[in-house]
Amino acid sequence: MPELVFFSGTMDCGKSTLALQIEHNRSARGLQGMIFTRDDRAGEGKLSSRLGLVTDAVEAADGFDFYGHLVAHLSKGGRCDYVIADEAQFLAPEQIDQLAKVVDDLELDVFAFGITTDFRSKLFPGSQRLVELADRVEVLQVEALCWCGARATHNARTIGGRMVVEGAQVVVGDVNQAADEIGYEVLCRRHHRRRTTAAAARAAALSPDVLPVDAEAQDPAVRA
């Protein structure tokens with residue numbers, strides 16, 4: 001039976017790489033898929049991975065109708081055996097409903113990829129609707145790591161290496177941005193709650209406040 005599958009994980013855990021791998025495996029068996037994306041880091045109409053892989057895709061902007069697009073494609077004699085939708089967190093809930101309709105009425109597998117929560121740990125509307133409708137929700141097993149080495153579970157938005165908790169929900173950026181640009185960093189829950197990014201942790205380690213201020217109190221030899 002066709003399925004709507006939501007592959008979820010933090011930034012930098014290989015979601016787009018898996019999407020490209022699924023496309024490669026199925027196309028190698030003679031199947032033809034249709035790839036959709038939204039606000040990819042590589043630009044409009046692209047699905048890209050941080051490993052350097054990239055392919056063309058249909059840009060699903062505001063108001064885009066997945067079901068209508070696929071019906072029109074098939075009605076003209078086009079072929080589509082499966083659907084891939086990357087950056088699905090940016091889609092509107094009604095667009096997720098359209099993807100579910102593609103599965104149920106057109107009997108096509110739909111593989112959606114996206115992060116679940118934003119930089120404030122709030123659900124993206126598109127991801128919430130996917131959790132509500134998907135036949136399966138798969139958490140990617142390639143774990144992104146926090147700077148402390150623990151499993152990263154949260155996405156933090158940063159400016160100059162400092163975590164920010166206010167602003168628009170959707171601001172396109174990436175990990176490893178320049179210091180003065182809006183960027184993102186994956187953190188464990190503890191350090192997301194404390195707003196401790198890698199830069200903040202380094203600054204704290206270099207702060208004189210953490211060094212002994214009373215040499216005699218710290219060194220028994222000095223007291224002797």
Within this structure, what is the [atom1]-[atom2] distance for the pair [X] and [Y], rounded to the nearest 0.5 Å?
X	Y	atom1	atom2	result
Ile84	Leu20	CD1	CG	7.5 Å
Lys46	Ile35	NZ	CD1	11.0 Å
Glu138	Ser8	CD	OG	10.5 Å
Leu70	Asp65	CG	CG	9.0 Å
Phe7	Phe111	CZ	CZ	6.5 Å
Thr37	Glu59	OG1	CD	6.0 Å

Discussion item. Working note: His191 + Cys148, criterion side chain to side chain contact (heavy atoms under 4.5 Å, CB included); need CA distance, chi angles, decisive distance, verdict.
Written reply: CA-CA 9 Å; His191 288 124; Cys148 69; 3.6 Å; yes
Could you check if a side-chain atom of [X] sits within less than 4.5 angstrom of a side-chain atom of [Y], using non-hydrogen atoms only?
X	Y	value
Glu3	Val110	no
Pro2	Asp109	yes
Asp62	Phe90	no
Val137	Thr116	no
Leu106	Tyr67	yes
Ser127	Phe6	yes
Met34	His69	yes
Cys80	Leu74	yes

Can you give me the closest heavy-atom contact between [X] and [Y], atom names plus distance?
X	Y	answer
Gln89	Gly114	OE1-CA, 3.1 Å
Ala156	Leu187	CB-CD1, 3.7 Å
Gln95	Gly63	NE2-N, 4.1 Å
Thr153	Arg151	CG2-NH1, 3.3 Å
Val186	Ala152	CB-CB, 3.7 Å
Cys188	Ala150	CB-CB, 4.1 Å

Okay, side chain of [X], backbone of [Y]: is any donor-acceptor separation there less than 3.5 Å?
X	Y	value
His73	Arg79	yes
Trp147	Thr196	yes
Asn155	Thr117	yes

Shared hydrophobic cluster for [X] and [Y] (ILVMFWY, side-chain gaps under 4.5 Å):
X	Y	result
Leu99	Ile22	no
Val5	Leu91	no
Leu145	Leu18	no
Ile96	Val131	yes
Ile115	Tyr184	yes

Practice prompt. Starting from the C-alpha separation in whole Å, work towards a yes-or-no answer on ring pair (Phe, Tyr, Trp, His ring centres under 6.0 Å) for Phe64 and Phe66.
Written response: CA-CA 6 Å; Phe64 182 84; Phe66 287 90; 5.1 Å; yes
Discussion item. Using the rule given for side chain to side chain contact (heavy atoms under 4.5 Å, CB included), can you reason through Asp104 versus Leu4, listing the C-alpha separation, both sets of side-chain angles and the distance that settles it, and then say yes or no?
Written reply: CA-CA 9 Å; Asp104 296 338; Leu4 172 58; over 6 Å; no
Worksheet item: Does Lys15 pair with Asp86 as a salt bridge, N-O distance under 4.0 Å?
Response: no
Discussion item. Check Arg26 with Asp81, please: is the shortest side-chain N to carboxylate O separation under 4.0 Å?
Written reply: no
Discussion item. Run His192 and Phe119 through ring pair (Phe, Tyr, Trp, His ring centres under 6.0 Å) and show every step you take.
Written reply: CA-CA 9 Å; His192 190 275; Phe119 69 105; 8.6 Å; no
Worksheet entry | Polar side chain donor-acceptor pair, Gln21 to Glu23, under 3.5 angstrom | no
Item to complete: State whether a side-chain donor-acceptor pair under 3.5 Å links Gln98 with Glu94.
Response: no
Practice prompt. Quick one: list whatever passes side-chain contact (heavy atoms from CB on, under 4.5 Å) with Thr158, sequence neighbours left out.
Written response: Glu185, Thr197
